[in-house]
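Proteins get letters first, then strands, A, B, ... in listed order; numbering begins at 1 in each. We use all heavy atoms of the structure for the numbers below, so side chains are in, but hydrogens, waters and symmetry mates are not.
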Protein chains: 2
Amino acid sequence: MGTLGYAILGLLHRRSMTGYELSKEFESGLFEVWSAKHSQIYPELKGLYEAGLIEYQVEISGTVLEKKVYTITPAGQQALRDWAQAPCGPLQTPKDEFRLRLFFSDCIPPQRRRQRLEERLAQHRQRLAQIEKDREKFDTLPPREGQAFSDYLVLLGGIAREEATCRWLETCLELCRQQEA
Amino acid sequence: MGTLGYAILGLLHRRSMTGYELSKEFESGLFEVWSAKHSQIYPELKGLYEAGLIEYQVEISGTVLEKKVYTITPAGQQALRDWAQAPCGPLQTPKDEFRLRLFFSDCIPPQRRRQRLEERLAQHRQRLAQIEKDREKFDTLPPREGQAFSDYLVLLGGIAREEATCRWLETCLELCRQQEA
DNA sequence: TTTCAACATGTCAATATAGACATGTTTATA
DNA sequence: TATAAACATGTCTATATTGACATGTTGAAA
């Protein structure tokens with residue numbers, strides 16, 4: 001099974017959900033960590049079900065709309081534990097199209113490069129603000145047992161990454177401007 | 001054309017290379033930025049050639065070994081410039097399997113989680129040491145024109161990312177240990 | 001009461017990527 | 001001179017991922 005399967009298993013371990021809710025989780029809580037479109041989620045759910053790792057019950061929303069609420073099975077919980085415990089292997093390249101463009105930016109006008117850096121900085125600042133607002137929900141350090149602690153660690157990781165990125169982009173802009181003179 | 005095509009175009013804009021050398025570039029200079037296996041590179045080169053964006057000449061290594069040295073064409077340079085100038089669009093999720101595992105780590109023994117954090121920290125420290133050695137090659141700030149400047153900016157980005165990651169992992173370990181008492 | 005956004009579930013085709021399979025040469029060193 | 005690592009180029013299959021296509025319901029607000 002691929003990583004997406006475990007991501008879904010992990011989310012369902014926290015609470016039972018529909019495919020639609022899963023796709024929303026990837027956009028919110030897992031935004032800094034993993035992503036998947038609904039077109040990938042629904043087939044994956046089918047596979048997990050056939051593998052006996054999840055089950056579902058149909059609930060009626062309103063009068064006719066059927067939704068499938070998925071729940072993790074004991075076999076699914078075991079698979080999740082095994083995966084979560086295993087080591088990750090050597091560091092992989094986190095693909096970053098912006099950095100790639102910057103790497104080859106010597107062939108574009110300097111003011112255009114500055115413009116792109118500024119745009120990007122604005123995006124990361126906005127993201128940082130959002131994620132720091134998420135942090136406010138944790139008024140006290142959550143206890144080590146329980147998912148709130150894991151959530152908190154990953155949240156700190158997101159903040160660390162966004163802060164570092166913002167500082168880096170600010171440095172880039174400074175260096176670009178410095179040489180203007 | 002996908003991002004890989006532009007990555008190859010960008011590398012060939014710097015200097016003419018064989019497919020093999022391109023694959024090495026992805027492991028070294030582009031390690032923090034993009035990755036591709038040779039099984040993806042060779043077909044992509046074929047496509048770029050058919051699109052008229054690159055050409056090649058066959059050189060003989062030793063007595064019989066033929067290698068294709070690829071060169072970017074004017075059309076390729078134009079395509080590269082157009083791409084490098086364009087904006088990147090909204091922030092994407094940088095997929096990170098380690099963070100995903102950590103996010104679901106409440107279902108594994110705490111000492112196992114600490115072990116994984118320590119392993120990961122060692123990997124990132126090693127990577128940081130390597131990348132900081134690369135930085136030493138830049139004794140002075142390179143002039144804004146020319147690729148050395150772009151290289152330098154991206155290198156700073158790698159250092160910033162690795163430093164932030166190391167600090168974050170150290171914090172995670174501290175928090176894990178703190179609650180031990 | 002209409003109408004729009006959010007809820008809800010799927011499929012399909014195209015592309016991207018990884019890993020295995022396949023083969024052979026050159027160069028440095030033991 | 002054997003041999004191993006690095007050089008060199010490809011293909012193939014399976015899987016992962018995206019974006020478009022397709023359809024319909026529900027709840028809230030105007």
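Pairs passing the salt bridge (charged side-chain N to carboxylate O under 4.0 Å, His left out) check and including a residue from residues 15-42 of chain B, sequence neighbours excluded, read B:Arg15-B:Glu21, B:Arg15-B:Glu25, B:Lys24-B:Glu27, B:Glu32-B:Arg127, B:Glu32-B:Arg161.
Between A:Lys46 and A:Ser61, the residue anchored closer to the 5' end of DNA chain C is A:Ser61, taking for each the nucleotide with the nearest heavy atom. Residue whose closest nucleotide on DNA chain D sits further toward the 5' end, between A:Ile60 and B:Val69: B:Val69.
In this structure, A:Glu66 atom CD and D:dG24 atom C1' are separated by 12 Å, rounded to whole Å. Look at CD on B:Glu97: it is 11 Å from P on D:dA16, rounded to the nearest Å. A:Lys67 places its NZ atom 16 Å from the C1' atom of D:dG24, with the value rounded to the nearest Å. In this structure, A:Ile41 places its CD1 atom 14 Å from P of D:dA16, rounding to the nearest Å. Across the protein-nucleic acid pair, A:Tyr20 atom OH and D:dT25 atom C1' stand 12 Å apart, rounded to whole Å. Atoms NZ (B:Lys24) and P (D:dA6) sit 8 Å apart, rounded to a whole Å. Rounded to whole angstrom, the span from the CD atom of A:Glu21 across to the P atom of C:dC7 amounts to 9 Å. In this structure, the OH atom of A:Tyr49 is 15 Å from the P atom of C:dT9, given to the nearest Å.
Ion pairing between B:Arg14 and B:Asp151 holds under the 4.0 Å rule for side-chain N and carboxylate O. Ion pairing between a basic and an acidic side chain is recognised when a charged N comes within 4.0 Å of a carboxylate O; B:Glu97 and B:Arg116 show no such pairing.
Distances from the side chain of A:Pro43 to the nucleotides C:dT11, D:dA8, D:dT9 place C:dT11 closest.
The end-to-end axis angle of the helix from C:dT1-D:dA30 to C:dA30-D:dT1, rounded to 10 degrees and based on five pairs per end, is 30°.
Neither OP1 nor OP2 of C:dT25 sits under 4.0 Å from any side-chain N or O of B:Thr63. OP1 or OP2 of D:dT9 lies within a sub-4.0 Å distance of a side-chain N or O belonging to B:Tyr42.
For A:Gln92, the CD atom is loosely surrounded, since the number of other residues' heavy atoms within 6.0 Å does not exceed 12. Crowding of B:Tyr49 atom OH: a count of heavy atoms from other residues, nucleotides or ligands under 6.0 Å not exceeding 12.
For B:Ala84 against A:Phe104, the heavy-atom pair with the smallest separation is CB-O, 4.2 Å.
In this model, a donor atom of one side chain and an acceptor atom of the other lie less than 3.5 Å apart for A:Asp82 and A:Gln78.
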> When every nucleotide of nucleotides 15-22 of chain C is labelled 5' to 3' by its protein contacts under 4.0 Å (heavy atoms), B for base, S for sugar-phosphate only, - for none, what sequence of letters results?
Replying inline: -SSBBB--
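Checking side-chain atoms of A:Arg135 against main-chain N and O of A:Leu155 turns up no donor-acceptor pair under 3.5 Å. At distances below 3.5 Å, not a single donor-acceptor pair connects side-chain atoms of B:Thr71 with backbone N or O atoms of B:Tyr56.
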